[in-house]
**Q** 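Take this structure first; my questions come after.
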Amino acid sequence: MQMCAPVRHPSWVSSRRLFEQKLSELQKCTNLSHVKQVHAQILKANLHQDFYAAPKLVAAFSLCRQLALAVNVFDQVQHPNAHLYNTLIRAQIQNSQTSQAFFTFFNMQGNGVCPDNFTYSFLLKACSGKSWLPVVQMIHTHIEKYGFCSDIFVPNSLIDSYSKCGPLGITSAKKLFTVMDERDIVSWNSMIGGLVKAGGLVEARRLFDEMPERDAFSWNTMLDGYAKAGEMIEAFELFEKMPERNVVSWSTMVSGYSKAGDMDMARMLFDKMPVKNLVPWTVIISGYAERGLANEASIFYDQMEEAGLKPDDGTIISILAACAESGLLGLGKKVHASIERTRFKCSTQVSNALVDMYAKCGSLDKAFAVFDGIAKKDSVSWNAMLQGLGVHGHGKKALQLFARMKQEGFFPDKVTFIGVLCACTHAGLVEEGLHYFHTMEIEYGIVPEVEHYGCVIDLLGRGGRLDEAFRLVHSMPMEPNCVIWGTLLGACRVHNAVELAGEVLDQLVKLAPSDPGSFSLLSNIYAAAGDWDGVANVRLRMRSTGVQKPSGASSIEVDNAVHEFTVFDESHPQSEKIYQMIGRLVQNLKQVGYVPKVHS
DNA sequence: GTAGGGTTAG
């Protein structure tokens, strides 16, 4: 143990032992006043420069989310060693001050303290999931210079970080994996995980088969690869072969079937699971909710609570997102009530999910109420609310919220502008939309991406300015994708631009030859123009390419049950009454002067 | 250091 000022004194020795015990107790302590108390005692004993005490205090303050206090402890130490620097770096990363962590890293070297394997592991962890390939490469260069690849932890973290940097990263990861002179089971597992994430399932399986030995991570990683790709036959085969299955293996299977839309299999496996935690409950409830099966989702939610499991942020966010997607306002409200019953306050992320759920379900007042109650709003909160107003046609209100967002010191991001442009489109504010599009880069430093072009093309197209929309598509700095062409095709249909529509379809077929939506849209355009040869032609092309259009459906939730309808549908038990009501509504509409558009 | 559920995006 390193000491700054060695003092040999019997009473000191005993007080030191006492402090060591107190400090080791701080490891999981999130009670700030307790940490402050220990800190005060350390200061009183003049042990704040101690190389054992200081890192413990930095870590404890970090755990209490008090980064400033952690930095303060660090600053009190005159000559920090690598351990203390590492602890500060980790504290900064834990409190999402990643750039500060890198600043500390450079400071450390400036002060002549050599980074070690811990330093690199922490920094690499900070890069994970961020696609910071240049940063990972920089760290890699450092590591090569200092030779820490001899510690197997370091190259393993590098493989993992590279794997999370997209296709270029996976190439670097593979290169590193090949030249490693020693590999342990984690090296193999990380490499397989990287390949799976990059979509290289076959390659991942080859590596999996080549492994000298496999552990639960290896099996579960491979299993998840198949499950995420929707290859449930392969997944099931592997699942059957597994020597041991844990809760992760079972959850992966339940999730895979749920994502593939096979709720029966998901349910069967869920019922067979020997041990369940929050994850499989989340998966099964969200799975039902995503499919609009409000009753099942609701029953399982009750069962989860009855089983004594208290939903965490992940569970709540996942279920609310599913409710938002399928419009399950009833279940969303129930989850909201359950949060209010069981929680003192909820996190920004949970509130954001609530705002989004209420907004998507059309309860804009409730969305606003939750939004206004968020003490620490983030950009997601603003974007969700803005989007909610926008898509429901409250363009002016959305733009007012955008102004308020700036007033309150928040910086708009690329998602904000999608919301703003979308709001303009739905409220017919073409000029305003164009203004925001043209100023987003100059005034806000946000370079328009293909999604923004999509919004503006929609804005122009719906506004009847098809020529301008076409010119924009041709002058875009990136290749138009099928979303762009699809938007344009939709605009052609609204404005009966038959010739343009033909051109657009050619582009669409090149990009997505099997998408039935575009064919039927074109067919409708020809039909609207009375061009029956055109219609026949499209039908022929559809048949020759084997494309079939599934019929569209509308759904509505009444008393926790979702009712689905397709065109000319008579399957609903109350079908007769429903059509009677439609008839009455049409009569009423006609009386107030509505003329239905019958030719398309 | 590696595996399962997670808010905003036409």
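Reminder, nothing fancy here: chain letters follow the sequence lines and each chain counts from 1.
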**Q** Side-chain N or O of A/Lys125 less than 4.0 angstrom from OP1 or OP2 on B/dT2?
**A**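 Yes, because at least one side-chain N or O of A/Lys125 sits under 4.0 Å from OP1 or OP2 of B/dT2.
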**Q** Could one point to a donor on the side chain of A/Asp312 or the base of B/dG5 with an acceptor on the other under 3.5 Å away?
**A**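 By the distance-only test, yes, there is a pair.
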**Q** Kindly point out which of B/dG4, B/dT2, B/dG6 is positioned nearest to the side chain of A/Phe217?
**A**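 The nucleotide sitting nearest to the side chain is B/dT2.
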**Q** Any side-chain to backbone donor/acceptor pair from A/Arg245 onto A/Phe239? Under 3.5 Å, distance only.
**A**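 Indeed, once roles are kept as given, a pair shorter than 3.5 Å links the two residues.
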**Q** Are A/Lys228 and B/dG5 close enough that a side-chain N or O sits under 4.0 Å from OP1 or OP2?
**A**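 Affirmative; the distance criterion is met.
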**Q** Using whole Å, report how far CZ of A/Phe153 lies from P of B/dT2.
**A**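 After rounding, the reported distance stands at 10 Å.
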**Q** So which nucleotide from B/dT8, B/dG5, B/dA3 ends up closest to the side chain of A/Ala216?
**A**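 Shortest atom-to-atom distance from the side chain points to B/dA3.
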**Q** For A/Asp413, report the nucleic acid contact type (base, sugar-phosphate, nothing); a contact means any heavy atom under 4.0 Å.
**A**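 No contact.
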**Q** When all nucleic acid strands are considered with a 4.0 Å heavy-atom cut-off, which category describes A/Gln349: base, sugar-phosphate, or nothing?
**A**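 Contact class for A/Gln349: base.
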**Q** Using the side-chain heavy atoms of A/Asp458, tell me which of these nucleotides is nearest: B/dG6, B/dG10, B/dG4.
**A**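 The listed nucleotide nearest to A/Asp458's side chain is B/dG10.
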**Q** May I ask you to check whether over 12 heavy atoms, not counting those of A/Lys377, lie within 6.0 Å of atom NZ?
**A**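 For A/Lys377, atom NZ is crowded (more than 12 foreign heavy atoms under 6.0 Å).
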**Q** Taking the side chain of A/Lys360 as heavy atoms from C-beta outward, which of B/dA9, B/dA3, B/dG10 is closest to it?
**A**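 Nearest nucleotide to the side chain: B/dA9.
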**Q** When the distance from CD of A/Glu290 to C1' of B/dG5 is rounded to whole Å, what number comes out?
**A**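 In whole Å, B/dG5 C1' and A/Glu290 CD are 11 Å from each other.
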**Q** Looking across every strand, which nucleic acid part, if any, lies under 4.0 Å from A/Val283 by heavy atom: base, sugar-phosphate, or nothing?
**A**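 Sugar-phosphate only.
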**Q** Quick one: which of B/dA3, B/dT8, B/dG10 gets closest to the side chain of A/Val483?
**A**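 So the side chain of A/Val483 is nearest to B/dG10.
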**Q** So for A/Ser318 and B/dG6, does any side-chain atom that can act as donor or acceptor lie under 3.5 Å from a complementary atom in the base?
**A**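 Under the 3.5 Å cut-off, the side chain and the base do not form any donor-acceptor pair.
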**Q** For A/Leu124 and B/dT2, what is the distance between atoms CG and P respectively, to the nearest whole Å?
**A**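 It works out to 11 Å between those atoms.
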**Q** If I take atom CG in residue A/Asp224 and atom P in nucleotide B/dA3, what distance separates them, rounded to the nearest angstrom?
**A**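 So the two atoms are 9 Å apart, to the nearest Å.
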**Q** Taking A/Ser249 for the side chain and A/Asn246 for the main chain, is one N or O donor matched with an acceptor at less than 3.5 Å?
**A**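 Checked: pair present.
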**Q** Expressed as a whole number of angstroms, how long is the span from A/Ile418:CD1 to B/dG10:P?
**A**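 Result: 6 Å.
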**Q** Can you tell me whether the side chain of A/Ser251 and the base of B/dG5 have a donor-acceptor pair closer than 3.5 Å?
**A**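 Side chain to base: no pair below 3.5 Å.
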**Q** So, are A/Lys174 and A/Glu203 salt-bridged, with charged N and O less than 4.0 Å apart?
**A**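 Yes, this pair counts.
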**Q** Consider the side chain of A/Val279, meaning its heavy atoms from C-beta on, and name the nucleotide among B/dG4, B/dA9, B/dT7 that approaches it most closely.
**A**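 Of the candidates, B/dG4 comes closest.
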**Q** Rounded to whole Å, please give me the gap between CG in A/Asn220 and C1' in B/dG5.
**A**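 Value for this atom pair: 14 Å.
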**Q** Using a cut-off of less than 4.0 Å, is there contact between a side-chain N or O of A/Gln387 and OP1 or OP2 of B/dG10?
**A**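 Yes.
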**Q** Just to be sure I understand the rule, does A/Val247 reach a base, reach only the sugar-phosphate, or reach nothing, if contact means heavy atoms closer than 4.0 Å?
**A**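 It contacts base atoms.
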**Q** Would you say A/Ser286's side chain and A/Thr282's backbone share a donor-acceptor pair under 3.5 angstrom?
**A**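 Flag set: sc A/Ser286 to bb A/Thr282 pair under 3.5 Å.
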**Q** Looking at the side chain of A/Ala321, which of B/dG5, B/dT7, B/dG4 is the nearest nucleotide?
**A**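 Nearest to the side chain of A/Ala321 among the choices is B/dT7.
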**Q** Looking only at side-chain N and O atoms, does A/Lys310 offer a donor or acceptor that is under 3.5 Å from a partner on A/Thr342?
**A**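 There is no such pair (donor and acceptor under 3.5 Å, judged by atom type) between the side chains of A/Thr342 and A/Lys310.
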**Q** Measure from CG on A/Asn481 to P on B/dA9 and round the result to the nearest Å.
**A**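 It works out to 17 Å between those atoms.
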**Q** Classify the side chain of A/Ser255 versus the base of B/dG5 as yes if they form a donor-acceptor pair under 3.5 Å and no if they do not.
**A**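 By the distance-only test, no, there is no pair.
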**Q** Measure distances between side-chain N and O atoms of A/Asn189 and base N and O atoms of B/dA3, and say whether any donor-acceptor pair falls under 3.5 Å.
**A**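 Result: no qualifying N/O pair found.
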**Q** Just checking A/Asn246: base, sugar-phosphate only, or nothing, at a heavy-atom cut-off of under 4.0 Å?
**A**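 Base: the residue A/Asn246, judged by heavy atoms under 4.0 Å, touches a nucleobase.
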**Q** NA contact type, A/Gly454, heavy-atom cut-off 4.0 Å: base, sugar-phosphate, or nothing?
**A**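 Contact class for A/Gly454: none.
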**Q** Once you round it to whole Å, what is the distance between P of B/dG5 and CD of A/Glu325?
**A**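 Nearest whole value for this atom pair: 16 Å.
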**Q** Pick base, sugar-phosphate or nothing for A/Asp313, based on heavy-atom distances below 4.0 Å to the nucleic acid.
**A**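 It contacts base atoms.
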**Q** Quick check: does any side chain N or O of A/Asp116 sit under 3.5 Å from a backbone N or O of A/Thr119, one acting as donor and the other as acceptor?
**A**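 Yes: the side chain of A/Asp116 pairs with the backbone of A/Thr119.
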**Q** Using a 4.0 Å heavy-atom cut-off, does A/Thr252 contact any base of the nucleic acid, only the sugar-phosphate backbone, or nothing at all?
**A**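 The residue A/Thr252 makes sugar-phosphate contact but no base contact.
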